Q: 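I have a structure I would like to understand better, so I am pasting it below and will then ask my questions one at a time.
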Amino acid sequence: MNVGMTVVDSTGDEVGSVTAVQMPGTDVRPDTVAGVAEHLVTTGYLRIDGTGLLSNDVYAGGDQIAGSVEGEPAVVNLRVPRDDLHRAAS
């Protein structure tokens with residue numbers, strides 16, 4: 001998975017595009033609430049620049065990612081709907 005890939009949730013809706021990729025055990029703490037942040041550090045995560053009106057950046061944990069497809073366009077498929085993703089604090 002790479003920065004710039006399109007992210008699609010389990011319902012087929014586009015969530016946004018990948019802005020950061022962190023592998024499991026990273027030292028980079030995501031900008032989200034305590035507890036969730038520690039879980040994401042353990043599983044690895046993607047930071048996603050959300051699409052749509054009033055959208056925030058969100059995080060998808062490694063356990064929420066179904067897989068990815070390279071090509072044009074390159075796509076990350078999630079195993080959860082957009083509402084199950086973790087919102088960024090800012």
Side-chain angles (χ1 to χ4, degrees):
M1 284 168 262
N2 298 304
V3 170
M5 292 179 80
T6 299
V7 180
V8 176
D9 74 2
S10 63
T11 67
D13 290 337
E14 185 175 327
V15 177
S17 60
V18 176
T19 58
V21 178
Q22 295 296 330
M23 300 307 289
T26 181
D27 288 333
V28 180
R29 186 183 186 282
D31 182 23
T32 190
V33 297
V36 170
E38 288 73 19
H39 173 76
L40 292 173
V41 166
T42 301
T43 65
Y45 62 89
L46 301 177
R47 184 175 178 119
I48 303 163
D49 181 19
T51 61
L53 186 64
L54 302 174
S55 64
N56 291 29
D57 285 358
V58 292
Y59 295 99
D63 54 346
Q64 295 176 309
I65 300 167
S68 63
V69 179
E70 299 296 325
E72 285 298 320
V75 176
V76 176
N77 294 298
L78 301 178
R79 63 179 75 233
V80 298
R82 174 196 304 248
D83 291 343
D84 287 359
L85 299 176
H86 311 287
R87 294 216 174 273
S90 55

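Bear in mind the structure is a predicted one, so any value in this text is a computation, not a measurement.
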Q: Out of curiosity, Gln64 CD to Asp9 CG, how far, rounded to the nearest 0.5 Å?
A: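 One gets 11.0 Å once the value is rounded to the nearest 0.5 Å.
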
Q: Provide the full list of ring-ring contact (aromatic ring centres under 6.0 Å, His included) pairs with a residue in residues 8-43, sequence neighbours left out, each pair given once.
A: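 Of all non-adjacent pairs touching residues 8-43, none passes ring-ring contact (aromatic ring centres under 6.0 Å, His included).
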
Q: Only pairs at least two apart or in different chains count here, so list each salt bridge (Lys or Arg N to Asp or Glu O under 4.0 Å) that has a residue in residues 18-27.
A: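 Listed once each, the pairs would be none.
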
Q: For residues Val58 and Val7, determine if any side-chain heavy atom of one lies less than 4.5 Å from a side-chain heavy atom of the other.
A: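 Sidechains of Val7 and Val58: no contact.
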
Q: Sequence neighbours left out, what passes salt bridge (charged side-chain N to carboxylate O under 4.0 Å, His left out) with Arg29? Give chain and number order.
A: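 Checked Arg29 against salt bridge (charged side-chain N to carboxylate O under 4.0 Å, His left out); matches are Glu38.
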
Q: Can you name the residues that form a side chain to side chain contact (heavy atoms under 4.5 Å, CB included) with Asn2, not counting sequence neighbours?
A: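 So Asn2 forms a side chain to side chain contact (heavy atoms under 4.5 Å, CB included) with Met5, Glu70.
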
Q: Applying side-chain hydrogen bond (donor to acceptor under 3.5 Å, both in side chains), name anything that partners Asp84, two or more places apart in sequence or on another chain.
A: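 None.
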
Q: Going from CG on Asp57 to CD1 on Ile48, what distance comes out if it is rounded to the nearest 0.5 angstrom?
A: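 So the CG of Asp57 and the CD1 of Ile48 are separated by 9.0 Å.
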
Q: In the hydrophobic clustering that connects Ile, Leu, Val, Met, Phe, Trp and Tyr at side-chain heavy-atom distances below 4.5 Å, which members other than Val41 occupy its cluster, ordered by chain and number?
A: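 Besides Val41, the cluster holds no residue at all.
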
Q: According to ring-ring contact (aromatic ring centres under 6.0 Å, His included), does anything in residues 56-83 pair up with another residue at least two apart or in another chain? List the pairs.
A: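 The answer is Tyr45-Tyr59.
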
Q: Quick one: list whatever passes side-chain hydrogen bond (donor to acceptor under 3.5 Å, both in side chains) with Gln22, sequence neighbours left out.
A: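 Partners of Gln22 under the side-chain hydrogen bond (donor to acceptor under 3.5 Å, both in side chains) test: Thr26.
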
Q: What's in the same ILVMFWY side-chain cluster as Val8, cut-off under 4.5 Å, chained through other members?
A: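 In the cluster with Val8 are Val75.
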
Q: Identify the two heavy atoms, one from Arg47 and one from Ala88, that lie closest to each other, and give their separation to 0.1 Å.
A: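 Smallest interatomic distance, heavy atoms only, reads NH2-CB, 3.7 Å.
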
